[in-house]
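Here is the structure we will look at.
Residues take their numbers from the sequence shown, with the count starting at 1. We use all heavy atoms of the structure for the numbers below, so side chains are in, but hydrogens, waters and symmetry mates are not.
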Amino acid sequence: MKASDTVHLIYGSDDNYVFPTMISAASAAVGIRGSLDLVVHLFDLGVSNANYTAFEALLRRVNSHVVCVRHVLDKKLFNGFGAWRGSIATYARMLVPDLLPELDWAIYVDGDTLWLGDIGELWDLRDESVAVLASIDPPTPMGVSRPDVEWYRDHGLVVNDRDYFCAGLILMNICALREMNMVRQCQEFMAKYPSPRVVDQTALNYVLQGRAKLLPSEWGVFSAWHGTADLSKACCVHYVDDLPWRRDKVNRLLSDVVLLWYYFCDDVLKMDLLQKHVSLAGRVWRRTLFLVLKRNQWMLYSAYVRSRLRNTHGISCATLRDIRARWKSVHGEV
Ligand SMILES: [Mn+2]
């Protein structure tokens, strides 16, 4: 089999994030077309053996052809880097060319994601003329400039805002990244600036300017901002600041894309998590309020209200049905 027939998908995780990460990896494994092989690389920055075993077992269960590779990383790799937000595993994406010396191309993705449809369609977008293809970073909900804009300005750096990308989903041309010495450049950046505004994303956007291209809006669709994305196509949803498994605050409604995550767990993985995570009363009011807003968008007249509610975008019932029917047709036997 040619190297190009194998999709390499990379996640970085610690024990806190390993559960959503395995759900995301399982969704990629379920949707990938039969003619492609999938290798899932896990950059392990503190995953217990028990959790890694569960990770691999789940992927095998949904797609027996998937190969998992565990890369146990030492936190010393990030010596000299400033404080991180969330998981330190986030930093590992800056080191991919060093950590996986045998690869030419790979997809690096956050664990707060869900793949709908064939990840091979993203793999087909590899473009030798650029070093990375990365997901769109949507405009801020309140319409103000991105936090990075100010940060770059304050530090005397110039980055074209039009090309700014979200580092949550990146298709990497690892050969090109090796040639341009991206790892060294990121390490120098991180050593010089102890707390970049959006951490690794701030570094990557600076280092990769002029070498990056934005992906079509379907790849890395923010759950709170769909833009022009068509979720009936193959796509990847990114639950930024809207983790489906956290329905604890009053503005965490049960939106269509959040329900999709639960449907995937239930329909395909046979895990009924919604009942566990959200009480019956919570399910009723969080879903009802979402449906009222979905059908009455005029109520969201103010950008402030929209930004506080995070996610009032709906998916058509037909699209929702199609997505679930696709899962069931591929993996009715799981
Ligand atoms: Mn993310």
Side-chain angles (χ1 to χ4, degrees), residues 17 19-20 22-24 26-27 30-31 110-117 136 138-143 168 217-218 220-329 331-332:
Y17 231 64
F19 184 72
M22 75 172 94
I23 303 292
S24 172
S27 67
V30 163
D110 284 359
D112 55 345
T113 48
L114 185 71
W115 298 90
L116 304 174
I136 292 174
T140 56
M142 294 291 286
S217 53
E218 281 73 27
V221 188
F222 277 38
S223 63
W225 186 90
H226 294 191
T228 56
D230 176 358
L231 273 67
S232 68
K233 294 185 185 169
C235 64
C236 179
V237 178
H238 186 183
Y239 295 95
V240 178
D241 291 333
D242 188 29
L243 309 177
W245 54 98
R246 293 219 187 108
R247 296 295 98 188
D248 45 354
K249 297 187 183 154
V250 286
N251 61 353
R252 301 300 201 271
L253 305 181
L254 281 178
S255 65
D256 291 341
V257 278
V258 164
L259 270 190
L260 263 181
W261 189 86
Y262 283 107
Y263 286 153
F264 176 76
C265 295
D266 194 16
D267 291 350
V268 182
L269 307 179
K270 309 297 177 210
M271 296 178 188
D272 185 2
L273 299 177
L274 186 56
Q275 296 218 34
K276 273 195 213 153
H277 291 180
V278 194
S279 69
L280 176 62
R283 295 201 292 278
V284 171
W285 78 257
R286 286 172 202 274
R287 185 62 183 158
T288 306
L289 182 55
F290 172 79
L291 288 174
V292 168
L293 294 169
K294 174 180 173 179
R295 286 167 195 156
N296 298 280
Q297 289 279 308
W298 59 268
M299 288 176 157
L300 302 159
Y301 52 91
S302 122
Y304 179 77
V305 174
R306 273 199 307 274
S307 73
R308 299 314 294 169
L309 284 169
R310 280 161 199 269
N311 187 354
T312 54
H313 293 273
I315 306 175
S316 77
C317 296
T319 301
L320 270 176
R321 250 197 327 269
D322 282 358
I323 292 169
R324 297 182 75 184
R326 237 185 300 161
W327 288 333
K328 285 179 175 164
S329 69
H331 278 268

If you take all heavy atoms of Arg283 and Val278, which pair is closest and at what distance? NH1-O, 2.7 Å

What are the two closest heavy atoms between Cys235 and Glu218, and how far apart are they? CB-O, 3.1 Å

What are the two closest heavy atoms between Arg252 and Arg286, and how far apart are they? O-NH1, 3.0 Å

With no hydrogens and no angle check, is any side-chain donor or acceptor of Ser223 less than 3.5 Å from a backbone partner on Tyr239? no

Any heavy-atom pair between the side chains of Ile315 and Leu260 that's under 4.5 Å? yes

Flag the pair Val30 / Phe264 as yes when at least one side-chain heavy-atom distance between them is below 4.5 Å, and no otherwise. yes

I need the Tyr262 OH to Leu254 CG distance, nearest 0.5 Å. 7.5 Å

Do the non-hydrogen side-chain atoms of Leu116 and Trp327 ever get within less than 4.5 Å of each other? yes

Between Ile136, Asp110, Val257, which is the residue that forms a side chain to side chain contact (heavy atoms under 4.5 Å, CB included) with His238? Asp110

Approximate separation, where rounding is to 0.5 Å, of Cys317 SG and Asp322 CG: 11.0 Å

Distance in Å, Arg246 CZ paired with Asp241 CG, rounded so as to fall on 0.5 Å steps: 10.5 Å

Measure the spacing between CZ of Arg247 and OG of Ser255 and express it to the nearest 0.5 Å. 6.5 Å

Begin with the C-alpha distance, continue with both residues' side-chain angles, and end with the deciding distance and a verdict on side-chain contact (heavy atoms from CB on, under 4.5 Å) for Leu253 and Trp285. CA-CA 8 Å; Leu253 305 181; Trp285 78 257; 4.1 Å; yes

Nearest heavy-atom neighbours spanning Lys270 and Asp267: NZ-O, 2.8 Å

Would a 4.5 Å heavy-atom cut-off, applied to side chains only, mark Arg287 and Asp256 as touching? yes

Heavy-atom nearest pair, Gly314 first then Phe290, reads CA-CZ, 4.0 Å

Which heavy-atom pair separates Val258 from Asp242 by the least distance, and what is that distance? CG2-OD2, 3.8 Å

Given Trp261, which partner from the list Leu273, Leu243, Leu274 fulfils the side chain to side chain contact (heavy atoms under 4.5 Å, CB included) test? Leu273

Distance, nearest 0.5 Å, that separates CZ of Arg324 from OG1 of Thr319: 13.5 Å

Could you give the distance from OH (Tyr17) to OG (Ser24), rounded to the nearest 0.5 Å? 10.0 Å

